[in-house]
Student: 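I'd like to ask some things about the structure below.
The chains referred to below are lettered A, B, ... by the order of the sequence lines, with proteins before strands, and numbering in each begins at 1.
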Number of protein chains: 2
Amino acid sequence: MRPYSEALQHLKDAGLRPTRQRLVLARLLFCCDEKRHVTAEEMHAEAQMNGTPVSLATVYNTLNQFTEAGLLREIVVEPGRTYFDTNTSDHHHFYFETEGRLHDLPAEALELSRMPDLPEGTQINRVDVVIRLKGDAS
Amino acid sequence: MRPYSEALQHLKDAGLRPTRQRLVLARLLFCCDEKRHVTAEEMHAEAQMNGTPVSLATVYNTLNQFTEAGLLREIVVEPGRTYFDTNTSDHHHFYFETEGRLHDLPAEALELSRMPDLPEGTQINRVDVVIRLKGDAS
DNA sequence: ATACTTGCAAATCGTTTGCAATACC
DNA sequence: GGTATTGCAAACGATTTGCAAGTAT
């Protein structure tokens, strides 16, 4: 995992004060090679195992702040669990229902043709496509 | 709203015992002209106003049973709130974020071309497309 | 010095469950 | 009569919040 300096830059860019807790979470989220899909509980456990604990309440608050700041994107695929995606660019998802795991779909892997007319006075904020999968991805 | 006899038929077809509570909810859900998107709380309030109260716990249980029986479809667009759709056929949704309201999109209004390859050993269970709208649909 | 942030514990929200009373066949 | 269903109240899990103590600028 890359160093804290990069995490620091993310926070600065977002205009968030670089506290110890935010640095820990930013590094775990943004300073690894792949994009991630995480829950608050997972990040809480991960910080713990990393030897840099952050209280659960702070994890929740921080993930929400990161989302507001545009560093994360919120995804809802199941009642009662919120996922955060470190990939904030335009893309969609596979959802492995048995495992409760999300996987990015490259933007070009799926194409939406023939979009419907929008109701008057509205604009598209986002289009979410979730391909729900059954079965084992071994 | 059409009579209870039709609601009764829905329950029979689904193999569910026609209790008073189930009949009340089935009628409110299935015996009106449009397809509906409802939450448990809404149905609870509606039964109340209808003069045929059903306890909230029973509303939850019943909506889940209806879903298992294929009479309803569950939709998640927001953390902490589950919607049930009386339209169980293949179709997608507009979601009015400011109002928290769902609206059906006819199946032909949106076309998915170029579907991605699926991971080995998996099959598609369902594809959910939600077009999230900002602004007022007046 | 000041304003912002943290952590804890309590509160909240939507939903589920245990169980005694009740309704259906 | 026997099994399924209901309603209440308590339990639940995820998330949020109030507030006193701690930290960044």
Student: Output all residues satisfying ring pair (Phe, Tyr, Trp, His ring centres under 6.0 Å) with B/His91, sequence neighbours left out; order by chain, then residue number.
Tutor: B/His93
Student: Partners of B/Phe66 by ring pair (Phe, Tyr, Trp, His ring centres under 6.0 Å), sequence neighbours excluded?
Tutor: B/Phe30
Student: Just jot down the ring pair (Phe, Tyr, Trp, His ring centres under 6.0 Å) partners of B/His92, sequence neighbours excluded, or say none.
Tutor: none
Student: Distance check needed: C/dT5 C1' versus A/Leu11 CG, whole Å only.
Tutor: 13 Å
Student: Tell me the interatomic distance from A/Glu78, atom CD, to D/dG13, atom P, rounded to whole angstroms.
Tutor: 15 Å
Student: Just how far, in rounded Å, is C1' of D/dT3 from CG of B/Leu16?
Tutor: 15 Å
Student: What is the distance, rounded to the nearest whole Å, between atom CD of A/Glu42 and atom C1' of D/dA14?
Tutor: 13 Å
Student: Taking CD from A/Glu68 and P from C/dT5, how many angstroms apart are they, rounded to a whole number?
Tutor: 11 Å
Student: A/His44 NE2 to D/dG13 P: how many Å, rounded?
Tutor: 16 Å
Student: Please check if any side-chain donor atom of A/His37 sits under 3.5 Å from a side-chain acceptor atom of A/Asp104, or the reverse.
Tutor: yes
Student: Report the end-to-end axis angle of the helix from C/dA1-D/dT25 to C/dC25-D/dG1; each axis comes from five terminal pairs, and the value is rounded to 10°.
Tutor: 30°
Student: Group every Ile, Leu, Val, Met, Phe, Trp and Tyr by side-chain heavy-atom contacts under 4.5 Å, then state whether B/Val130 and A/Tyr83 land in the same group.
Tutor: no
Student: What does the B/S/- profile of nucleotides 10-25 of chain C look like, 5' to 3', with a 4.0 Å heavy-atom cutoff to protein?
Tutor: ----SBBB------BS
Student: Looking at C/dT6, I'd like to know if its phosphate oxygens (OP1 or OP2) sit under 4.0 Å from a side-chain N or O belonging to A/Thr58.
Tutor: no
Student: So that I can tick it off, tell me whether B/Asp90 and B/Arg126 are bridged by a salt bridge, with the cut-off set at under 4.0 angstrom between side-chain N and carboxylate O.
Tutor: no
Student: Heavy atoms, side chains only, cut-off 4.5 Å: are B/Ile124 and B/Leu118 in contact?
Tutor: yes
Student: With respect to the side chain of B/Arg22, which nucleotide from C/dG7, D/dT6, D/dG7 is positioned closest?
Tutor: D/dT6
Student: Between A/Ser55 and C/dG7, is there a side-chain N or O to OP1/OP2 distance below 4.0 Å?
Tutor: yes
Student: A/Arg20: which residues meet the side chain to side chain donor-acceptor pair (under 3.5 Å) condition with it, sequence neighbours left out?
Tutor: none
Student: Kindly indicate whether the side chain of A/Phe84, heavy atoms from C-beta on, has any atom under 4.5 Å from the side chain of A/Thr82.
Tutor: yes
